[in-house]
Amino acid sequence: MKTGLIYQPCGLGDILFLQKLAHHIKDQGYEIWWPVVHEFKWLSDYIPDFNWVSWDDDKEPITGPPLPESCQFPYKEKYIHGAPTEISEELFFFQGFWECRPIMAGKYNTIDLGWEDWRDYIKFNRNKEKEDRLYYEVLGLKDDTPYVLVNRRWCTRPRIEICDRISIDPADYGGARVVEATHIEGYSLFDWCKVIENAAAYNFIETAWNYLFETSELFDKVKDKPMFLHHRWGDWSETRYLFNLPWQYQ
């Protein structure tokens, strides 16, 4: 079996954005192996098209190879940060970290593959039981509960950052209940789909959630609601061109 190996272990938004590229490689007969930091090992439960391999660095987080002996996959010796993309009959190694501008489109440009329809390739299995548990039991929501969904958190490593510019005070939303998106042990980004679908409005920092919002699962369910998006540093040049949803950019 020919091997497709992708070096994009973190940046969940980047990982979602590169689903089209992974399918492109797979369609050429390569079996996809995609090592990721341990925080994203849950991807294997939702996207079964590829072999997701945890870096297995939960006890001692690392920034790159050499990876633990317990983390095994084909052509591991080729898996090097900064190594250029390599394409041969037996191996398609794609380097996701490469100096290019704009950064996201540049990933596709390195192999002359169009990126514009990236959202059409994010296909994932939904766990409706977990979605319901999160919605009803963990968050205490009801079917008729009006609420604004707020996300102030971004980045996974080296630490989670919080955007203090985004309010979680109900008074700033006309008294509506505020549900803040946080990391809850045992629940993945995809498990928030029901919460996303039923929210009355959104006030978000730009992060991986935006790529999820663009998918066919959610796009039509959110597009007609108030949507506010804040940038981490105030420069939209690297991300705004990617999104089709009518965000009000702050």
Side-chain angles (χ1 to χ4, degrees), residues 1-26 30-88 90-100 103-104 106-108 110-111 118 121-125 127 130 153-162 181-192 207-212 232:
M1 174 65 75
K2 302 194 298 183
T3 297
L5 181 58
I6 297 176
Y7 197 111
Q8 186 73 62
C10 57
L12 184 55
D14 299 70
I15 291 171
L16 295 178
F17 180 67
L18 288 179
Q19 293 300 292
K20 177 183 179 177
L21 181 140
H23 280 285
H24 169 75
I25 298 173
K26 181 182 179 183
Y30 297 89
E31 181 180 14
I32 302 298
W33 293 83
W34 200 326
V36 291
V37 296
H38 80 92
E39 289 94 337
F40 300 143
K41 62 184 178 181
W42 50 263
L43 283 164
S44 61
D45 295 330
Y46 298 84
I47 303 178
D49 298 302
F50 315 124
N51 297 303
W52 302 95
V53 183
S54 170
W55 272 14
D56 202 17
D57 61 335
D58 52 325
K59 295 181 180 178
E60 294 184 19
I62 56 180
T63 59
L67 304 181
E69 183 65 25
S70 56
C71 177
Q72 293 292 327
F73 50 88
Y75 290 95
K76 184 178 178 180
E77 71 280 2
K78 295 277 190 177
Y79 188 79
I80 301 171
H81 182 83
T85 293
E86 175 184 339
I87 305 174
S88 68
E90 297 302 320
L91 173 67
F92 194 130
F93 171 72
F94 177 79
Q95 176 58 251
F97 291 98
W98 201 248
E99 285 297 325
C100 50
I103 295 172
M104 300 301 277
K107 295 176 188 287
Y108 281 87
T110 60
I111 61 167
W118 61 268
Y121 291 83
I122 302 179
K123 306 295 183 182
F124 58 94
N125 296 328
N127 187 327
K130 288 185 70 176
R153 289 165 169 77
W154 56 277
C155 195
T156 301
R157 295 189 179 189
R159 61 185 178 277
I160 295 175
E161 304 283 353
I162 296 180
T182 61
H183 173 71
I184 300 176
E185 189 68 31
Y187 294 91
S188 76
L189 175 69
F190 295 136
D191 296 326
W192 285 81
T207 186
W209 291 76
N210 298 101
Y211 298 87
L212 177 61
R232 306 169 189 179

To the nearest 0.5 Å, atom CD of Glu99 lies from atom OG1 of Thr110 at 12.5 Å
Does the ring center of Trp52 lie less than 6.0 Å from the ring center of Phe40? no
Considering all heavy atoms of both residues, which atom of Gln95 and which atom of Phe97 are nearest to each other, and what is their separation? OE1-N, 3.0 Å
Work out which heavy atom in Lys107 is nearest to a heavy atom in Leu21; give both atom names and the distance. O-CD1, 4.4 Å
Would you please classify the geometry between the Tyr30 ring and the Phe92 ring as parallel, tilted or perpendicular, with 30° and 60° separating the classes? perpendicular
Do Thr207 and Arg153 have side chains that approach each other closer than 4.5 Å (heavy atoms only, starting at C-beta)? no
I'd like to know if the side chain of Lys130 reaches the main chain of Gly186, judged simply by a donor and an acceptor atom lying under 3.5 Å from each other, with no hydrogens or angles considered. yes
Below 4.5 Å, heavy atoms only, C-beta onward: do Leu189 and Tyr211 meet side chain to side chain? no
Partner of Trp34 by side-chain contact (heavy atoms from CB on, under 4.5 Å), out of Val53, Asp49, Ile15: Ile15
How about Glu60: does its CD atom have over 12 heavy atoms from other parts shown lying under 6.0 Å from it? no
Nearest 0.5 angstrom please: Thr85 OG1 to Ile6 CD1, how far? 10.0 Å
Where Gly13 and Ala208 come nearest, the two heavy atoms and their spacing: N-CB, 3.4 Å
Report yes if the side chains of Phe17 and Gln19 come closer than 4.5 Å at any heavy-atom pair, otherwise no. no
Rounding to 0.5 Å, atoms CG (Leu18) and CD1 (Ile122) come to a distance of 9.5 Å
Can you find a pair of side-chain heavy atoms, one from Asp57 and one from Cys71, that are under 4.5 Å apart? no
Between Trp55 and Cys10, is any pair of side-chain heavy atoms under 4.5 Å apart? no
Would you please test Tyr79 and Trp33 for side chain to side chain contact (heavy atoms under 4.5 Å, CB included) and show each step? CA-CA 11 Å; Tyr79 188 79; Trp33 293 83; over 6 Å; no
Classify the ring geometry between Phe190 and Phe124 as parallel (under 30°), tilted (30 to 60°) or perpendicular (over 60°). parallel
Could you tell me the separation between the CD1 atom of Ile25 and the CZ atom of Phe93, rounded to the nearest 0.5 Å? 10.5 Å
With no hydrogens and no angle check, just 3.5 Å: does a side-chain donor-acceptor pair link Asp191 and Tyr46? yes
Please examine the side chains of Met104 and Trp118, heavy atoms only from C-beta on, and report whether any two atoms are closer than 4.5 Å. no
So which atom in Pro158 and which in Cys155 form the shortest heavy-atom distance, rounded to 0.1 Å? N-SG, 4.4 Å
Taking NZ in Lys78 as the centre, count heavy atoms belonging to other residues, nucleotides or ligands within less than 6.0 Å. Is the count above 12? no
Do Arg159 and Glu161 come within less than 4.5 Å of each other through their side chains, counting heavy atoms only? yes
Locate the shortest heavy-atom distance separating Ala181 from Trp192; write the atom from each residue and the value. CA-CH2, 3.7 Å
Counting only heavy atoms from other residues, nucleotides and ligands, does the tally under 6.0 Å from CD of Glu77 exceed 12? yes
Of all heavy-atom pairs between His38 and Arg157, which one has the smallest distance, and what is that distance? CD2-NH2, 3.3 Å
Side chains of Pro35 and Leu5: does their closest heavy-atom pair fall under 4.5 Å? yes
What's the separation between atom NZ in Lys20 and atom OH in Tyr121, rounded to the nearest 0.5 Å? 5.0 Å
Applying salt bridge (Lys or Arg N to Asp or Glu O under 4.0 Å), run through Glu39 and Lys41 and close with a yes or a no. CA-CA 6 Å; Glu39 289 94 337; Lys41 62 184 178 181; over 6 Å; no
